[in-house]
Amino acid sequence: MAILHTHDIVIVGSGLAGLRAALETTGPADVALISKVYPTRSHSGAAQGGIAAALGNEEPDSWEWHCFDTVKGSDYLADQDAAEVLAQDAIRAVYELENMGVPFNRTQHGTIAQRAFGGHTREHGKAAVKRACHAADRTGRVILDTLYSQVIRKGINVYPEFLLLDIMRNKQQVVGLVTYDLATGELHIFHTKAVMLATGGAGKVFKTTSNCFANTGDGMYLAYRAGVPLQDMEFVQFHPTGIAGLGVLITEAARGEGGVLRNQEGQRFMEKYAPTIKDLAPRDVVSRAIMTEVRAGRGINGRDYVHLDLTHLGAEKLAEKLSDISSFARIYLGLDPVEQPIPVQPTCHYIMGGIPTNVNGQVLDIHQQVVPGLYAAGECSCVSVHGANRLGCNSLLDLVVYGRRSGKQILQDLKNLTLSPLPQLPEETAKTNITKLKERTTGVKAGTIRSKLQYCMMEHCSVFRTKDHLESALAIVQDLKDHYEAECCLDYQGAQFNYALVEALELQSLLGLSETILVSALTRTESRGAHFREDYPERDDTHWLKHTLIQAADPQPQLSYKPVTITRFKPKPRVY
Ligand SMILES: Cc1cc2nc3c(=O)[nH]c(=O)nc-3n(C[C@H](O)[C@H](O)[C@H](O)COP(=O)(O)OP(=O)(O)OC[C@H]3O[C@@H](n4cnc5c(N)ncnc54)[C@H](O)[C@@H]3O)c2cc1C
């Protein structure tokens, strides 16, 4: 028998989006926070470079320039009403974090220090501007720890190491969740009036990624399986500077502080691709530039990476502003960035798509109607402020701005939401799923299938894409899904901390999401932001200035489209 809990609101995910929403709703409502990892191990804690806000502490800046950069960076796919909210509310949000106790770096006048970042410009692209508020290169760590201590202070119910397995609906309304307690192996049912998904990204779909092991996109996949569409899944960001061969991130702040990319000839090649802002062009532009250099044989020693040169910044600046990434270079590569350049190549970093919401975090169905009782914010959601390509430092901002807004909306809706009955035998699907995996004693381990999937997605669906590649990837993924169904088995059957089981369950999310990415990418016959089709290299506003929606259906997922909201900025060619 599963154990039953009842709360007004259940928030899944304790990264910044979930924590911020929990802080907003506790007090007036009884809130529970569920996380499959210990809360402070959420990927938000790995964020390095900063959080964007036009404070203008270092040089003149305005929220309207920030909004423009976000829209242009998105290759005009962002919904501009959502981008306006983001940029406008950024200033309040950063001061709020400061008041909660976040130890930001300071200017010599004692105000919050800011630095340059990719795609952040003044006066609509004239030159780079310092907009990224930061705490050295561990900004996410300090914000996560600060918000989590506030959560503890307020006595919010936290269920750590609980894995979400199923979202339950009663007709349209979301009424509860089925979860699995990693410590005991027991199933727990949460009966609730409102569920908020803040389950983060899905970088683990790809072989090379900056993301942590937990980023398997469960929230997106389980929402999709529960009948919610996913939006813009073809837009997957590759960050240009992952450590070659490993994918571990070297923050864009390294270039914000003056670092430059060089090819085999020592040439600062970004001057060719983005003459105005060079190494600080948005990530999609820089990632393609690196791959183009590599393809032309100008990778280092003819290999598939280039150099990030920080040697001219000096030991003092590296120690003060970029200490974490300097130690990554020492630990992972055995090199000192004060003396030697760092080998880098694009690494999967961020999923622009996700669960569609309005600007108040309410999840929208295929007909643009609010799904009662379901909310989403953070990387698992798609508002959409990032469109086809997210700018650096806009994610942390998105989390606290839209986490808070979702919280406010839930409190407002709670007046009309009731505890609707749970389905009979709510845990049945989850139980059957687990039993099937545990009972099979011979077959293929989840890790083997996952490696094949990650290799396939990297090979066929990363920085450059074509019809042929995407079609072969789809066939491989279908094959892997069948393989999983027929053969996936565990090498440990125990109840306590059964990570073999967790990984097998997470693999269902990775397989399901890979299909949504491939089907959406195959259909979009244009190039926009992070989605670059070599067979359709131009952006095509006439046919494709629209959001993709993909919905689960048998035998094939169904695609539909919805218009982009344009308020201030008419789409123009993107030149940097
Ligand atoms: C290395 C790195 C550096 C980055 N640097 C920056 C930066 O400097 N600035 C910036 O703006 N952005 C940065 N980003 C992006 C940003 O950090 C992420 O997009 C953001 O932290 C996601 O936050 P989130 O709250 O949506 O989810 P996360 O922080 O990823 O947390 C997800 C939560 O969901 C929970 N969860 C997931 N699935 C389940 C499940 N099945 N059951 C229960 N719980 C579940 C997890 O336990 C976790 O608590 C960086 C990303 C990476 C990977």
Side-chain angles (χ1 to χ4, degrees), residues 10-21 33-53 90 115 117-118 132-135 137-141 143-144 147-148 158-167 177-182 196-204 209-223 237 239 241-243 247-253 256 283 324-325 328 347-352 354-355 376-381 386 390-400 402-403 502 505-506 508-509:
V10 181
I11 298 172
V12 190
S14 57
L16 295 185
L19 295 181
R20 187 61 194 81
L33 196 56
I34 292 175
S35 172
K36 71 174 173 181
V37 299
Y38 189 77
T40 48
R41 294 187 63 206
S42 303
H43 192 64
S44 292
Q48 301 174 355
I51 174 165
R115 63 180 161 207
F117 235 81
C133 311
H134 56 278
D137 53 354
R138 57 185 82 93
T139 313
R141 177 82 272 146
I143 304 180
L144 188 70
L147 294 198
Y148 191 58
V158 180
Y159 294 85
E161 299 179 314
F162 272 56
L163 181 73
L164 172 66
L165 296 180
D166 231 340
I167 300 171
L177 302 172
V178 183
T179 67
Y180 172 86
D181 180 359
L182 266 76
M196 177 179 160
L197 297 173
T199 45
K204 279 287 158 188
T209 176
S210 67
N211 283 199
C212 68
F213 279 86
N215 280 6
T216 51
D218 310 343
M220 294 181 215
Y221 174 66
L222 293 171
Q237 177 166 82
H239 192 297
T241 59
I243 292 182
V248 173
L249 189 75
I250 299 293
T251 172
E252 199 167 273
R283 292 170 179 173
D324 274 14
I325 59 115
F328 292 167
T347 182
C348 173
H349 187 59
Y350 187 87
I351 308 288
M352 266 75 71
I355 304 162
E379 191 168 337
C380 73
S381 72
H386 311 302
R390 172 175 77 79
L391 289 191
C393 298
N394 265 355
S395 173
L396 293 188
L397 180 60
D398 175 12
L399 309 176
V400 290
Y402 282 101
V502 172
L505 294 168
E506 288 174 337
Q508 296 178 357
S509 307

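Read the numbers this way: they start at 1 and go in the same order the structure lists the ligands and their atoms. One is the number of the first residue; the rest follow in order along the sequence.
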*Pick one of side chain, backbone, both or neither for how His349 approaches ligand 1, counting any non-hydrogen atom pair under 4.0 Å.*
side chain
_Interfacing atoms of ligand 1 (cut-off 4.0 Å, heavy-atom, Val12)_ = 43 (C), 44 (N)
*If you measure from each non-hydrogen atom of Phe162 to ligand 1, which part falls under 4.0 Å: side chain, backbone, both or neither?*
backbone
*Does Ala198 come within less than 4.0 Å of ligand 1, judged by its heavy atoms?*
yes
_If only side-chain N and O atoms count, and only distance matters, is there a donor-acceptor pair under 3.5 Å linking His386 with Asn394?_
no
*Side-chain heavy atoms of Leu222 within contact of Leu165, under 4.5 Å*: no
*Would Ser210 and His239 count as having a side-chain donor-acceptor pair, cut-off 3.5 Å?*
no
*Under 4.0 Å from any heavy atom of Asn394, which atoms of ligand 1 are there?*
11 (O)
_Side chain, backbone, both or neither: which applies to Cys212 and ligand 1 if a contact is any heavy-atom pair less than 4.0 Å apart?_
neither
*Using distance alone, decide if ligand 1 has a nitrogen or oxygen within less than 3.5 Å of any nitrogen or oxygen in Ala17.*
yes
_Contact with ligand 1 for Ile51, non-hydrogen, under 4.0 angstrom_ = no
*Say whether Leu222, considering both its backbone and side-chain N or O atoms, lies within less than 3.5 Å of an N or O atom on ligand 1.*
no
_Under 3.5 Å between any N/O of Ser210 and any N/O of ligand 1: does that happen in this structure?_
no
*Has ligand 1 got any nitrogen or oxygen that is less than 3.5 angstrom from a nitrogen or oxygen of Ser14?*
yes
*Numbered atoms and elements of ligand 1 in range of Leu164, under 4.0 angstrom, heavy atoms*: 40 (C), 41 (N), 42 (N), 43 (C)
_Val37 N/O under 3.5 Å from ligand 1 N/O_ = yes
_Please work out, at 4.0 Å between heavy atoms, whether the side chain, the backbone, both, or neither of Arg138 comes within that distance of ligand 1._
neither
*Any N/O of Asn211 closer than 3.5 Å to an N/O of ligand 1?*
no
_Test item, His239 contacting ligand 1 (heavy atom, 4.0 angstrom)_ = no
*State if Arg20 counts as touching ligand 1 under the rule of any non-hydrogen atom under 4.0 Å.*
no
*Assess the side chains of Ser509 and Asp218: does a donor N or O sit below 3.5 Å from an acceptor N or O?*
yes
*Touching ligand 1 at all, Gly219? Heavy atoms, strictly under 4.0 Å?*
no
*Ser42: numbered ligand 1 atoms lying under 4.0 Å from its heavy atoms*: 29 (O), 31 (O), 48 (C), 49 (O)
*Please confirm whether Leu399 comes within less than 3.5 Å of ligand 1 when only nitrogen or oxygen atoms on both sides are compared.*
no
*Can you list the ligand 1 atoms lying under 4.0 Å from a non-hydrogen atom of Cys393?*
9 (N), 10 (C), 11 (O)
*For atom 9 (N) of ligand 1, which candidate among Ala52, Gly49, Gly50, Ser395 provides the closest heavy atom?*
Gly50
*Taking non-hydrogen atoms only, is Asp218 closer than 4.0 angstrom to ligand 1 via side chain, backbone, both or neither?*
side chain
*In ligand 1, which numbered atoms sit nearer than 4.0 Å to a non-hydrogen atom of Gly378?*
26 (O)
_Proximity of Leu16 to ligand 1 by residue part, where a heavy atom lies under 4.0 Å_ = backbone
_Exercise: do Ser42 and Lys36 side chains pair donor with acceptor under 3.5 Å_ = no
